[in-house]
Structure formats: C-alpha cells, structure tokens
Q: 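Quick one: the structure is below, questions incoming.
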Protein chains: 2
Amino acid sequence: MGLDRIIHEPARLRIMMILSGIESADFNFLLSTLGLTRGNLSRHIEKLESASYVKVSKTFKGKLPSTSYKITSKGAKALEKYWNKLDSIRQAGDFK
Amino acid sequence: MGLDRIIHEPARLRIMMILSGIESADFNFLLSTLGLTRGNLSRHIEKLESASYVKVSKTFKGKLPSTSYKITSKGAKALEKYWNKLDSIRQAGDFK
DNA sequence: GCAAACTTGTTTGCAATGCAAACTAAAAAA
DNA sequence: TTTTTTAGTTTGCATTGCAAACAAGTTTGC
C-alpha cells in the first residue's frame with residue numbers, strides 16, 4: 001500500500017505538521033507561515049477537511065470572520081502512519 | 001524552497017531508493033519489485049532520466065533487448081537533499 | 001514456414017490535481 | 001458614500017499520474 005496522497009502533498013504535509021504541534025491555528029497564521037496564496041491554502045484545507053483530517057471552526061474576531069483549524073484524531077493517526085510508511089521506504093527494506 | 005517534485009512522487013522515490021542501494025537494476029527487476037504497470041514505470045523512469053537522476057543503458061540479453069538503470073551522482077545528491085528537507089519538515093522546526 | 005502468443009518497453013488519451021487569478025461579501029477608512 | 005482592506009472561495013488552466021493501446025521484435029505451435 002502506498003503513501004497517503006492527501007498528506008503527501010508538501011503544502012498539506014506542512015499544514016498537518018504545524019497543526020500536530022499546536023492547539024489550533026487560524027487561516028492567517030497558516031498563510032504567513034506557509035507562504036501560500038489564499039486560494040491555494042483554501043483548497044488544501046478543504047481537502048484535509050473532506051478527509052476529516054482537520055476540523056474547521058468559524059467564529060468572529062470582533063466583527064471580522066475568523067476561521068481556525070485543529071487536527072482531528074483521525075488526522076493525527078494518518079499522519080503517524082504516513083511517517084512510518086516513509087521510514088520503511090527510506091530503509092529500502094521496503095523491497096528486500 | 002520546496003521538496004524536489006521529481007523525487008517526491010512515491011513511485012519515483014522508491015525507484016531512487018532501490019537504485020541508491022544497488023549497482024544497477026533492469027526494467028523487469030524494477031517492474032516486479034515495484035508492482036507498477038510497464039507504461040507507468042516507463043514514464044517515471046523517463047522523468048528521472050530527463051532530470052539526469054538516472055542513466056539508462058540499453059543492451060541485449062541474448063537476443064532480447066534489456067534496459068538497465070543506474071543512479072547518477074547528481075541523482076544521489078538530489079536524493080540526499082530530499083531526505084534532509086523532509087527531515088526539516090518533520091522536525092517542524094521548519095516553521096518556527 | 002507462418003500465424004499466434006510472448007517479451008520488452010513506448011506512446012497516447014484521459015481524469016485528477018496543484019496553482020494563482022478572479023471573484024464575493026462584509027467591514028473599515030477616507 | 002465611495003474606496004480600500006480583510007477574509008476567504010470559486011474558476012480556469014497547465015501539469016501529471018496512470019493504464020490502455022501500440023510497436024518492434026522473438027519464440028512457440030501446427
């Protein structure tokens with residue numbers, strides 16, 4: 001079985017790693033941290049959400065909308081599995 | 001700077017890891033080891049070759065054509081860089 | 001000896017996806 | 001009240017992974 005494509009995409013892998021080490025992060029934090037365009041970030045998060053790897057919460061910060069993201073337990077497990085799989089490829093014990 | 005997309009693709013990452021641990025490998029060895037279709041393997045190798053990450057040698061084994069592949073020094077360096085980059089993402093020191 | 005099947009790959013065509021530009025909707029500024 | 005800013009979403013295009021179809025020979029069966 002192969003690598004989880006949802007996670008394998010570099011931008012999403014970074015998002016997952018950031019979220020795995022923090023309680024939650026909002027859109028602008030991810031935006032400036034990752035250096036993506038807004039559209040791009042939006043699409044990637046959408047994908048993570050539809051896989052139930054992150055949970056999205058929409059609130060207001062004052063009068064402006066603010067969206068924040070948390071990794072789910074499913075997402076955390078998938079992320080761990082991803083690294084394990086990658087390790088096995090790295091050992092190249094993958095093919096022997 | 002991002003991950004090398006040439007290497008990042010799982011099938012190609014596996015090819016590179018196999019080639020990095022062996023003198024050379026021929027088409028059928030890679031085929032059965034990786035479990036890809038012929039077409040798919042052909043395209044992936046083409047990509048690695050055009051990046052000068054692998055060198056292709058066409059010979060004959062008896063009367064049948066046989067193609068074998070070696071990793072280049074450029075390829076080996078790119079592979080090492082790839083893992084380093086991935087490690088930095090994994091430490092998530094990537095964003096702090 | 002000749003057609004059918006097998007080897008060893010390559011090329012083609014399509015569906016999926018990453019990416020940024022264009023758009024939307026509301027709030028703040030001028 | 002018009003303009004600009006904030007906070008994202010949607011759209012359109014170019015790229016790419018993938019397998020099916022093709023190609024160029026070789027071996028097998030009759």
Side-chain angles (χ1 to χ4, degrees), chain A residues 1-19 24-51 53-70 78 82 85-86 89, chain B residues 1-19 24-51 53-70 78 82 85-86 89:
Chain A
M1 233 192 17
L3 290 166
D4 185 337
R5 293 278 183 171
I6 302 278
I7 293 180
H8 192 57
E9 176 61 28
R12 290 195 293 265
L13 178 57
R14 287 202 172 85
I15 292 172
M16 292 295 279
M17 288 307 293
I18 291 173
L19 291 181
S24 79
D26 64 22
F27 191 88
N28 282 325
F29 174 74
L30 292 177
L31 194 65
S32 60
T33 301
L34 297 167
L36 301 173
T37 61
R38 292 166 196 282
N40 204 350
L41 177 56
S42 179
R43 293 286 305 261
H44 284 307
I45 288 176
E46 188 187 330
K47 211 144 221 203
L48 291 172
E49 189 192 5
S50 72
Y53 287 177
V54 313
K55 203 183 120 234
V56 178
S57 307
K58 289 184 176 292
T59 59
F60 284 86
K61 204 174 259 177
K63 291 183 176 180
L64 289 176
S66 175
T67 307
S68 74
Y69 310 96
K70 288 183 79 155
Y82 174 82
K85 183 68 195 166
L86 211 52
I89 291 175
Chain B
M1 231 189 20
L3 290 166
D4 185 337
R5 293 278 183 172
I6 302 277
I7 293 181
H8 192 58
E9 177 60 28
R12 291 196 293 264
L13 178 57
R14 287 201 172 85
I15 293 171
M16 292 295 280
M17 288 308 292
I18 290 173
L19 292 181
S24 78
D26 64 20
F27 191 88
N28 282 327
F29 175 73
L30 291 178
L31 194 65
S32 59
T33 301
L34 296 167
L36 300 173
T37 61
R38 291 167 195 282
N40 204 349
L41 177 56
S42 180
R43 293 289 305 262
H44 284 308
I45 287 175
E46 188 188 328
K47 211 145 221 205
L48 291 173
E49 189 192 5
S50 74
Y53 287 176
V54 313
K55 203 183 119 232
V56 178
S57 306
K58 287 179 177 297
T59 59
F60 284 86
K61 201 174 262 177
K63 291 184 174 177
L64 289 176
S66 176
T67 308
S68 75
Y69 309 97
K70 288 182 79 155
Y82 174 81
K85 183 66 195 168
L86 211 51
I89 291 175

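If you're wondering where the values come from, they're calculated on a predicted model, not measured in any experiment. Protein chains get the first letters and strands the later ones, always in sequence-line order, with residue 1 at the start of each.
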Q: CG of A/Leu31 versus P of D/dT9: gap in Å, rounded?
A: 12 Å
Q: Distance check needed: C/dG9 P versus B/Ile15 CD1, whole Å only.
A: 14 Å
Q: Output the rounded distance in Å from CG (A/Leu41) to C1' (C/dA21).
A: 16 Å
Q: About how many Å separate CZ of A/Arg38 and CG of A/Leu30, when rounded to the nearest 0.5 Å?
A: 12.0 Å
Q: Taking only nitrogen or oxygen atoms into account, show me every contact under 3.5 Å that the protein makes with nucleotides 16-20 of chain C, one pair per line with its distance.
A:
| residue | atom | partner | partner atom | Å |
| --- | --- | --- | --- | --- |
| C/dG18 | OP1 | A/Arg12 | NH1 | 3.4 |
| C/dG18 | OP1 | A/Arg12 | NH2 | 2.7 |
| C/dG18 | OP2 | A/Arg12 | NH1 | 3.1 |
| C/dC19 | OP1 | B/Arg5 | NH2 | 3.1 |
| C/dC19 | OP2 | A/His44 | NE2 | 3.3 |
| C/dC19 | N4 | A/Arg43 | NH1 | 2.9 |
| C/dA20 | OP2 | A/Asn40 | ND2 | 3.3 |

Q: What is the separation between atom NE2 on B/His8 and atom C1' on D/dT16, rounded to the nearest whole Å?
A: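 To the nearest whole Å, that distance equals 14 Å.
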Q: Check this one for me: any side-chain N or O of B/Ser42 less than 4.0 Å away from OP1 or OP2 of C/dG9?
A: no
Q: Which distance, rounded to the nearest 0.5 Å, do you find between the CZ of A/Arg12 and the CZ of A/Arg43?
A: 9.5 Å
Q: State, yes or no, whether a side-chain contact exists between B/Leu48 and B/Leu19 at a heavy-atom distance under 4.5 Å.
A: no
Q: Does D/dT9 have OP1 or OP2 under 4.0 Å away from a side-chain N or O of A/Lys58?
A: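 Yes, because at least one side-chain N or O of A/Lys58 sits under 4.0 Å from OP1 or OP2 of D/dT9.
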Q: Once the angle between the rings of A/Phe27 and A/Tyr69 is folded into 0 to 90°, is it parallel (under 30°), tilted (30 to 60°) or perpendicular (over 60°)?
A: tilted
Q: With DNA chain D as reference, determine whether B/Lys63 or A/Thr67 sits nearer its 5' end, using the nearest nucleotide of each.
A: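 Its nucleotide being nearer the 5' end, the pick is A/Thr67.
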Q: Quick one: which of C/dA28, D/dT9, C/dG9 gets closest to the side chain of B/Arg38?
A: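 From the listed options, C/dG9 comes nearest.
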Q: What nucleic acid atoms does A/Lys61 come within less than 4.0 Å of, heavy atoms only: base, sugar-phosphate, or nothing?
A: nothing
Q: Any luck finding a side-chain donor-acceptor pair between B/His44 and B/Asn40 under 3.5 Å?
A: yes
Q: What are the two closest non-hydrogen atoms of B/Pro10 and A/Arg5, and how far apart are they?
A: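 Nearest heavy atoms, B/Pro10 then A/Arg5: CD-NH1, 3.7 Å.
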Q: For the pair made of CZ in B/Phe27 and C1' in C/dT7, what is the distance, rounded to whole Å?
A: 11 Å
Q: How many Å lie between CG on B/Leu48 and C1' on C/dT10, as a whole number?
A: 16 Å
Q: Specify the separation, in whole Å, of atom CG of A/Asn28 and atom C1' of D/dT5.
A: 12 Å
Q: Applying the Watson-Crick and G-U wobble criteria at under 3.5 Å, what pairs with D/dG8? Answer none if nothing qualifies.
A: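 Looking at the geometry, D/dG8 pairs with C/dC23.
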Q: Hey, which of these two, B/Ser68 or A/Leu64, hits DNA chain C nearer its 5' end, going by closest nucleotide?
A: B/Ser68
Q: Can you tell me how far apart CG (A/Leu86) and NE2 (A/His8) are? Round to the nearest 0.5 Å.
A: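 A/Leu86 CG to A/His8 NE2: 7.5 Å, rounded to 0.5 Å.
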